[in-house]
Amino acid sequence: MQPFKKDFLWGGATAANQFEGGWNEGGKGLSVADVARFKPDVDVQDMQKQWEITSQDIEEAARTTDTTYYPKRHGADFYHHYKEDIALMAEMGFKVYRMSIAWSRIFPRGDELEPNEEGLRFYDAVFDELKKYGIEPLVTMSHYEPPLAFVTEYDGWYNRKSVEFFLRYVKTILTRYKDKVKYWLTFNEVDSVIRHPFMTGGLIPDHFPTPEAFEQAIYQAMHHQFVASALATKLCHEIIPGAKVGCMLTKLTYYPYTCKPEDVLKAQQDMRATLAFSDVQVFGEYPAYLKALYARKGIHIQKERGDDEILKSYPVDFISFSYYSSSCSAVDTTGLDVAPGNTCAAIKNPYLKASPWGWQIDPTGLRISMVDLYDRYRLPLFIVENGLGTYDEVQPDGSIQDDYRIHYMAEHIKAMHDAVELDGVDLMGYTCWGCIDLVSNSSNQMSKRYGMVYVDCDDYGKGTYKRTRKKSFYWYKKVIASNGADL
Ligand code: BG6
């Protein structure tokens, strides 16, 4: 295979809420991730039940220091292992490392006027370590980690104050790290607020009188995130000349289950449900089809004067996205099987195999997704999440022979290569998800592993947290060294 372009950014991705740990150290406040409960009795494919949360659940969680049932509190303990972890990334040849800053480590409640210096120092140390090895940080400002006090006391992103609080945090980190970070993403999977409003938007269902009021709050929160994202982009360009800011979208790719025109239309509509979000961040305005949806549902967005101009004036520089699997759309779903996927469930595709969690494996879908996004936006793309979440078994000799992961990644990288070489897509880089094992977002399990480095920790947080290179570690090192030519 031809190598990728010379400056192609190979690397891996994590997020503080699932990887960092140190939940009660260095002055960090609680975030929504710290109250996400591991529910071993609930089906991992039933995401709505996994995510169900009430005010009472939150109060109980906030009272305990337990980490067994709140595994995002320990993650993979990057907080204490960052030097070792970054050395492993360097050994694989990473050019870029995607990570997030935990907002509640910088502003523990979200509403303070002054930041937590100890939190800022931690990320200084991380960025300095990355620099030592020539690894470029790609930083997500918000990855499922709104501070808990901001959520319980202010109703999170529903409250207009969210924009002010978030921008104070953003200004703080941009100013502090202006010489260390030049690639930024505003909100992880900004579209996910419609699927998990608590994690993304900090919205607690029982704070709202009716399901309709809750739905209204979701769209209002989404508006505030759009405005905050545009203003964060503006600030970033002002504070760090030459910096690049991307949006981050869950690329949910749907195929019509049959060639019946109604199924084709359904697939198109399902895709637009997430593309609407990047449309706003790229074109700087709400697409007509989203406005039509609001009119049908009776949703009314409260805007402040100047919001429309803000959206229009500060679009993103590039499009980043996660891609794990694809699924199907059908108008009549009678008798069709359902398959779970990244934060959603849809119709199962009979032509595809699936992971043990039921996520369907579809490398061609990655190529289709890239072409879709590039044809629509004509902006550089960045694949910031992709990978196989599955069980790994440690062999008696201590090794982890994860050929299935190598196969998954090789097929996806081939598809991405075709999108670049044959379809003309401009791709900045590829960061596979959970390059070092971390806690699953949807199921709070550690046993759903994505990494090329194994972390000795089980679903109950027990283990030494020792890091071990898997077979895929050596494979990915070779891929990066050959710039993608040797898969
Ligand atoms: C993406 C998220 O949705 O998918 C990550 O940005 C998440 O936070 C990843 O971990 C994989 O999902 P899961 O549920 O397998 O962890």
Side-chain angles (χ1 to χ4, degrees), residues 17 23 28-39 42 46-64 66 69-70 72-73 102-104 107-112 141-169 186-229 273 277 290 293-294 297-304 307 343-344 441-442 444:
N17 81 96
W23 68 288
K28 181 182 174 297
L30 285 178
S31 80
V32 297
D34 298 316
V35 300
R37 196 173 162 84
F38 169 47
K39 300 176 180 169
V42 174
D46 188 345
M47 294 190 189
Q48 286 317 317
K49 281 236 163 61
Q50 287 285 349
W51 292 330
E52 238 164 42
I53 193 138
T54 63
S55 293
Q56 198 184 336
D57 296 333
I58 295 170
E59 279 160 29
E60 270 169 35
R63 272 197 301 269
T64 177
D66 172 63
Y69 287 96
Y70 299 99
K72 287 176 181 158
R73 292 179 175 187
W103 180 0
S104 66
F107 286 94
R109 291 173 40 86
D111 63 355
E112 297 89 340
M141 296 170 177
S142 178
H143 191 134
Y144 303 158
E145 50 226 345
L148 195 63
F150 161 69
V151 169
T152 54
E153 294 175 32
Y154 293 92
D155 281 328
W157 282 95
Y158 175 59
N159 191 327
R160 180 75 196 200
K161 277 201 157 299
S162 55
V163 178
E164 175 194 326
F165 295 158
F166 184 70
L167 288 173
R168 188 173 301 132
Y169 156 68
T186 53
F187 292 92
N188 183 63
E189 296 183 335
V190 60
D191 51 289
S192 64
V193 67
I194 47 177
R195 296 186 299 278
H196 42 69
F198 178 65
M199 264 189 293
T200 306
L203 304 174
I204 306 167
D206 60 39
H207 276 211
F208 298 89
T210 59
E212 293 72 33
F214 188 56
E215 189 176 27
Q216 168 77 39
I218 291 173
Y219 287 104
Q220 185 64 50
M222 174 179 126
H223 177 71
H224 292 151
Q225 293 199 337
F226 285 147
V227 173
S229 176
F277 289 76
L290 193 56
L293 177 88
Y294 289 174
K297 283 176 173 269
I299 303 279
H300 177 71
I301 303 294
Q302 290 204 339
K303 292 184 184 173
E304 280 193 2
D307 280 3
T343 66
C344 64
N441 177 50
S442 54
N444 289 294

Which is it for Ser104 and Ser31 under the side chain to side chain donor-acceptor pair (under 3.5 Å) test, yes or no, and what are the steps along the way?
CA-CA 6 Å; Ser104 66; Ser31 80; 4.6 Å; no
Which residues satisfy the salt bridge (Lys or Arg N to Asp or Glu O under 4.0 Å) test with Arg37, sequence neighbours excluded?
none
Met47 vs Ser442, side chain to side chain contact (heavy atoms under 4.5 Å, CB included): CA-CA, chis, key distance, verdict:
CA-CA 7 Å; Met47 294 190 189; Ser442 54; 4.2 Å; yes
Hey, mind stepping through Tyr169 and Ser142 against side chain to side chain contact (heavy atoms under 4.5 Å, CB included) and telling me if it holds?
CA-CA 10 Å; Tyr169 156 68; Ser142 178; 5.6 Å; no
Give the ring-plane orientation class for Phe166 versus Phe187, where under 30° counts as parallel, over 60° as perpendicular and anything between as tilted.
parallel
Determine, step by step, whether Lys49 and Glu52 satisfy the salt bridge (Lys or Arg N to Asp or Glu O under 4.0 Å) criterion, reporting the C-alpha distance in whole Å, the side-chain angles of both residues, the deciding distance to 0.1 Å, and the verdict.
CA-CA 5 Å; Lys49 281 236 163 61; Glu52 238 164 42; 5.4 Å; no
Ring pair (Phe, Tyr, Trp, His ring centres under 6.0 Å), paired with Phe214, selected from Tyr158, Tyr219, Phe208
Phe208
Aromatic ring proximity, centroids under 6.0 angstrom, Phe150 and Trp103:
yes
Side chain to side chain donor-acceptor pair (under 3.5 Å) between Asp57 and Thr54, worked out
CA-CA 5 Å; Asp57 296 333; Thr54 63; 3.1 Å; yes
Show your working on side chain to side chain contact (heavy atoms under 4.5 Å, CB included) between Thr200 and Glu189 and close with a plain yes or no.
CA-CA 8 Å; Thr200 306; Glu189 296 183 335; over 6 Å; no
Under the ring-ring contact (aromatic ring centres under 6.0 Å, His included) test, residues paired with Phe277 that sit two or more places apart:
Phe226
Rounded distance (nearest 0.5 Å) linking atom CH2 of Trp157 with atom CD of Gln225
5.5 Å
Say you draw a straight line from CD of Gln220 to NE2 of His224; how long is it, rounded to the nearest 0.5 Å?
4.0 Å
Under the ring-ring contact (aromatic ring centres under 6.0 Å, His included) rule, collect the residues that match up with Phe165, sequence neighbours excluded.
Tyr154
What closest approach, in Å, do Glu145 and Val32 show between heavy atoms, and which atom pair accounts for it?
CA-CG2, 4.2 Å
Can Arg109 and Glu153 be counted as an ion pair, charged N to O under 4.0 angstrom?
yes
